[in-house]
Amino acid sequence: MNASRCSLALFALLASMPAFAQEGVDSVIDRVVTPLSDGLSAMIFWEIPIPGVEQGIPFIVAWLVVAALVFTFYFGFINLRAMKHAFRLVRGDYTSPDAAGEVTHFQALATALSGTVGLGNIAGVALAVSIGGPGATFWMVLAGLFSMSTKFVECTLGVKYRNEYADGTVSGGPMYYLSKGLAAEYPRLKLFGKVLAVVFAVFCIGGALGAGAMFQTNQAFSQLVNVTGGESSALNGYGWLFGLVIAALVGLVIIGGIRSIARVTEKIVPLMAILYVSSGLLVIGLNVDQVPAAFAAIIHGAFDPEGIYGGFIGVLILGFRRAAFSNEAGVGSAAIAHSAVRTDKPVTEGLVALYEPFIDTVVVCTITALVIIITGSLAEGSTIEGVALTSRAFGEAFDWFPIVLLVAVLMFAFSTTISWSYYGLKSFTYLFGEGQSKELVFKGIVLAAVVVGSSINLASVMNFADAMILAMALPNLIGVYLLAPVVKRELRIYWADYKAGRLKTYR
Amino acid sequence: MSRFLVGIDGSDCGERALDVAREHARAAGAELLVCYVINWSPFTFSTPQENAERHRRREEELNVARTKILEPRVEALNGAGIKTEGMARHGHPARTLVQLAEEHDATMIVIGRAGDTPMKTRIFGGTAAALVQSAPCPVLVVP
């Protein structure tokens, strides 16, 4: 397999790299990775030209948005009509007390969310609004609503075709539904499914190392430097030290199995998310008189933007793009996390997964956007963007907020790294087989990537990682399209049972 | 037929409760239901790795509770002529004991109390206090 050989070469490269950043290492990596990265990026981000508009729509964004629309119509707006029922599923109304102690719908959803809520919601939105104006928010929310349907299909499939082992552990995700599902439904596509699964696993490993481990620590460190004084910060240049600390903590969790650290993060991450959302709501509440104007600006900006590059289409693409990057619907990563739930009805987990893009994109991103628009941070200067813009917008209302944001970014980075290391691990063991020593090798590579990611600034590796993560959507969605009829069948039976009141409730 | 439900947690206060329950059961000719609740909430946050292994861990936890904690005590009580059954379950301690008491028509719940300071109880919650508030039958709290 050519692709897997490439990725093996990449592993060897990362693993053999010294922990400490040195001049020269950067350029070596650059030289090796750039051609690979450029090729993949060129394909993934290839812009489909639109007549009469300067800017085309990137292929991958179109790929994800079209899927979201197709699944929304194919499943008859499941994203909207199932929300109430999904909420009751999350609350545990349909969970038997006999299942106490198993993974609940809530836990599967929370775990998947901690892998997606992160910098995309804080920095990504700021980026979209600072370039595309308030109107980008509208398209982002719309894309978020549609992509709920994509999550529904992929997470249902993740549970349906997972592997349950004799020792009581489970493994699931696109690699399993692509290979097992396609073989079961389309015997003639057996080999094709296997190829899709391998391609997905390779991209997922790349995404886990690049976007999971390297990008997250890199961004967390840059926020740390920003808050402690920017260029003049005492920490500036000590990225490798930060990387070692984070790697040691991540290592304690994923290799040492030290659950106490994971448990601390488990407590702090939701706390941070709640703090972020509630301080956002507080800022909005304090300026409630400006909310109608902000909504007017969002709607007006969405359909009739002034002075924005690319005009109407430009704003639309920005919104769609940020939604796709932030909730990962169609990428397939969430299907891995959701498949651990204990249920005999795969559809239920798909329905619960509807809430993932809803919370991630519709709720959290909208709050970020409203705060930025209401506080007027947007108008004051165009030089800052990303986390810094969000930081300043919140700082307008509460001067202590940048510190909270720093802690939040650190925690999100930590939990995202742990989540993605697991996604990568599952793909790695899918390719190379399960086993303690093999797992250890991969975990070692993840830790090396953490250190490297925070100590050097390699644009090409970052681009490569970004492209890898989105490339996962290529094999994944091909398989999801082919398997959608299976989900439709299951949903029809389940929904009929639900409507007829045949589902047992325990509350 | 009276049926007393005893909540034990592997601690000394659970043992004291069991001792008191045994004497009461003997005097009243009642059955005993020895319950061990593994503290668990459906609304906690966990890593994907933990979720994947959750089912196995649950079985291990239940197995340890049954073989190490319940079985020796149940055998001893049955040997002493008191009809006893053991039970292990995951959940919120007080709420689960209430559920079990309802399911098995218990006529009394016997529970130990750790005797923490009021402050500690306020922060960590007292199982005994919660039981007193919500139990479907009389509750005997053993200090």
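Hydrogens, waters and symmetry mates play no part in the numbers below; they use all other heavy atoms, side chains included. Order of the sequence lines fixes the chain letters, A, B, ..., with proteins taken first and strands second; residue numbering starts at 1 for each chain.
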Between A:Val90 and chain B, which part of the residue has a heavy atom less than 4.5 Å away: side chain, backbone, both or neither?
backbone
Please report the closest heavy-atom contact between A:Ala340 and B:Ala52, naming both atoms and the distance.
CB-N, 3.9 Å
Should we say atom CZ of A:Phe87 is surrounded by more than 12 heavy atoms from elsewhere, each under 6.0 Å from it?
no
Distance-minimising heavy-atom pair for A:Ser419 and B:Pro48:
CA-CG, 3.9 Å
For A:Phe203, which residues count as a ring pair (Phe, Tyr, Trp, His ring centres under 6.0 Å) partner, sequence neighbours excluded?
none
Would you mind listing every side-chain hydrogen bond (donor to acceptor under 3.5 Å, both in side chains) that reaches into residues 133-143 of chain B, with sequence neighbours excluded?
none
Greatest number of heavy atom pairs closer than 4.5 Å to chain A - which of B:Arg89, B:Arg58, B:His90
B:Arg58
What distance separates B:Glu50 CD from A:Ile418 CD1, expressed to the nearest 0.5 Å?
9.5 Å
What residues of residues 31-42 of chain B make heavy-atom contacts with chain A at a cutoff under 4.5 angstrom?
B:Trp40, B:Ser41, B:Pro42
Members of residues 99-113 of chain A whose heavy atoms come closer than 4.5 Å to chain B
A:Ala99, A:Ala100, A:Gly101, A:Glu102, A:Val103, A:Thr104, A:Phe106, A:Gln107, A:Ala108, A:Ala110, A:Thr111
Can you find a heavy atom in the side chain of B:Arg54 that is under 4.5 Å from one in the side chain of A:Arg342?
no
Within a radius of less than 6.0 Å around CZ of B:Arg95, do more than 12 heavy atoms belonging to other residues, nucleotides or ligands occur?
no
Residue among B:Glu53, B:His55, B:Arg57, B:Gln49 satisfying side chain to side chain contact (heavy atoms under 4.5 Å, CB included) with A:Thr169:
B:Glu53
Can you tell me if B:Glu23 has over 12 outside heavy atoms packed within less than 6.0 Å of its CD?
yes
